[in-house]
Each structure stands twice: as C-alpha cells, then as structure tokens.
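Written below as structure tokens is the structure these notes are about.
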2 protein chains.
Amino acid sequence: MHLQESGEMYLETIYILSKKGKAVRSIDVGEYMGYSKPSVSRAVGLLKQGGYVMSDNDGFLSLTDEGKRVAEKMYERHTLLTRFFVNLGVDEETATEDACKIEHDISDKSFEAIKNFVNK
Amino acid sequence: MHLQESGEMYLETIYILSKKGKAVRSIDVGEYMGYSKPSVSRAVGLLKQGGYVMSDNDGFLSLTDEGKRVAEKMYERHTLLTRFFVNLGVDEETATEDACKIEHDISDKSFEAIKNFVNK
DNA sequence: TGATGTAGTTAGCAAAGGCTAACTGATAGG
DNA sequence: CCTATCAGTTAGCCTTTGCTAACTACATCA
C-alpha cells in the first residue's frame, strides 16, 4: 500500500496531537484538519488496513512503528522547511503553509540538501 | 475557473514545446507528458474553455495571454527551483523532478524569497 | 425512563484526472 | 479507389478524497 499525501497528513496530525499528551480520537483529528467525521473515519480505516494506525477498545488512536516513522519524517520536514523559509524572510504563516505542501513532494535528496543548508 | 496543478503542467508543456520552434499539437503534448490522447484532449478542451489556450484550423495549439502568463510563471519557477537545488548539491535529474512538483505548490512570497537567495 | 448529546459508521454523491475502447475524418500509398 | 495511418474525440471506467444525510451505540441528565 502506497501512502498518498492525504494519508501522510493524517499520520502527521495524529502524531502532533499525540505529542500534546492527551489521547487522540478520530473526532480530534477531524477538528484539527477541518475535515468531517466520515472523511476521517474512512481515512483512519485505510490507515489501519495499511498497518499505519491502531485503535484500542475506546477508539483512541495510536501509530504503529511504520506509521510513526512516516509521521516523524513528515514532521521533521515540516518544521525544517518552515524554518528554512522563515530564515529567508518569509512570514511564519506562509512558511508553514508552504512547508505543509512541500513536505509531501520533495525527495529525500533535496530535503537533505536543504537541511544541510539550514543547519550550517 | 481555477487552474489545478495539472492544468498548469499542460500550459507549461505547451509553452516549452512552443519555444522549440515547431507548431504544437495535442499529440505532442501527450507524448511529452506521457499521457494518452484522450487525457490531453479533455485537458486542452478545458483550457480552451477557461481561456488559456487557442487552436487554429489545423489543430495547432497556442497560449492566450493569460495562458502564457501562467506558463511563464511555472517555467520561471521550474528553472529557478532547479537551479536552487543544483546549487545545494542535488543532482540535475532529482532537482528537476522536485522543482516540477514544488512549482505548483509554493506561494509567491516563498518563491520570491528563494529567488532572492539564488540570485545573490 | 426518555430526551439529548457525542463519536463513529454506512451509503452514496461530486470533482479531478488518469485510463482504454472505439469512433471520425483527413491524408497518403499502392 | 481502397486501405492504412495518424490526430482527435466520445463514451465510459477507475481511484482518490472531500462532502452530506442518516444511522448506531453509548452516556448522561432531569
């Protein structure tokens, strides 16, 4: 199963909400992303099928190792690309928006190149 | 009519093929992009409807002013983003691929920021 | 106990944008 | 003149990913 951009966004969102401490439900994911309950329900179902997400008896969501791997990758890209744009003088909001789109498109090679640039 | 990423790609392709001198037909666009004739046919039809493309009696395609404006914008982004990645040490092929995706997503603000960086 | 509210699911719609199959219409060769 | 080829179109399918409407299941409250 190959993850689409939308799948990556759902995983990243679960990851971000998990980091805030509280248990994550589908409804929280939907609220964060601005999506309806059925959209999240289906997406989470597919991510479970794909082995990226698990849910316990109370419906609380967690990431599998693979899900976490993807989510962390996206999150790292997101934060670093945001930082990159801000360094170049872009306002925080625009930087975040652009990072959010680019994080799904960019190759590992190019990302690493930007990362090296930002960290030097 | 709001242009999607795919519309922008078709316009950019027509622009690139036009620059090569010869008259551009739908079939050329399809060959360049790796798409089937019906896909191109529909896309070009929509771009005509939207006022981005015109065709003469022989089926040769040309861009309207608005189509050219979009195509040139994408082309500029494409070449500059490629240059940006190459400058950071990314190989030409990867740089082009990534530029091709990012050119549709990035905001004017962030693009201008990268442009300033590359040109200094 | 019955009404309300919350979370999730099911069914089905829509738009984008690929595809194949099969048609039309013009041009060119034998 | 018939046939083959080439360009384009039409019809219709498929996937992705959003949506609404309507349902279920549970919990809480008066």
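Reckoned from all heavy atoms, side chains included, excluding hydrogens, waters and symmetry mates. Proteins get letters first, then strands, A, B, ... in listed order; numbering begins at 1 in each.
No contact: B:Gly7 has no heavy atom under 4.0 Å from any strand. At a threshold of 4.0 angstrom between heavy atoms, the contacts of B:Gly30 with the nucleic acid are absent. At a threshold of 4.0 angstrom between heavy atoms, the contacts of B:Ser36 include nucleobase atoms, whether or not backbone atoms are also involved.
Nearest-nucleotide positions on DNA chain D place B:Arg25 closer to the 5' end than the other of B:Arg25 and B:Pro38.
One interatomic measurement links the two molecules: CG of A:Leu11 to P of D:dT17, which rounds to 12 Å at whole-angstrom precision. Atom CZ of B:Arg42 and atom P of D:dG12 are 14 Å apart (whole Å). What separates NZ of A:Lys37 from P of D:dG18 is a distance of 17 Å, to the nearest Å. Residue A:Tyr10 contributes atom OH, which lies 13 Å from atom P of C:dG8 at whole-angstrom precision. If you measure from atom CD of A:Glu5 to atom C1' of C:dA16, you get 14 Å, rounded to the nearest angstrom. Rounded to an integer number of Å, the gap from CD of B:Glu31 to C1' of D:dA7 is 12 Å. The distance from atom CZ of A:Phe60 to atom P of C:dT6 is 16 Å, rounded to the nearest whole Å. Here C:dG17 presents its P atom at 10 Å from CD of B:Glu8, a figure rounded to the nearest Å.
Using modelled atom types and a 3.5 Å distance limit, the side chains of A:Thr82 and A:Thr79 yield no donor-acceptor pair. Counted by atom type alone, A:Ser39 and A:Ser36 present one or more donor-acceptor pairs between their side chains at under 3.5 Å. Using modelled atom types and a 3.5 Å distance limit, the side chains of B:Ser55 and B:Lys48 yield a donor-acceptor pair.
The aromatic ring centres of B:Phe117 and A:Phe117 sit less than 6.0 Å apart.
Side chain of A:Ile27, nearest nucleotide from C:dG8, D:dG18, C:dT9: C:dG8. In this structure, the nucleotide among C:dG8, C:dG18, D:dT17 sitting nearest to the side chain of A:Gln4 is D:dT17.
Of the listed residues (A:Thr13, A:Val24, A:Leu63), just one forms a side-chain contact (heavy atoms from CB on, under 4.5 Å) with A:Ser18, and that residue is A:Val24.
In terms of phosphate contacts, A:Ser39 brings no side-chain nitrogen or oxygen within less than 4.0 Å of OP1 or OP2 of D:dG18. Within the structure, a side-chain polar atom (N or O) of A:Ser6 is placed less than 4.0 Å from OP1 or OP2 of D:dT17. Taking 4.0 angstrom as the limit, A:Ser41 places a side-chain polar atom (N or O) nearer than this to OP1 or OP2 of C:dT9. For B:Ser26 and D:dA7, the shortest distance from a side-chain N or O to OP1 or OP2 is not below 4.0 Å.
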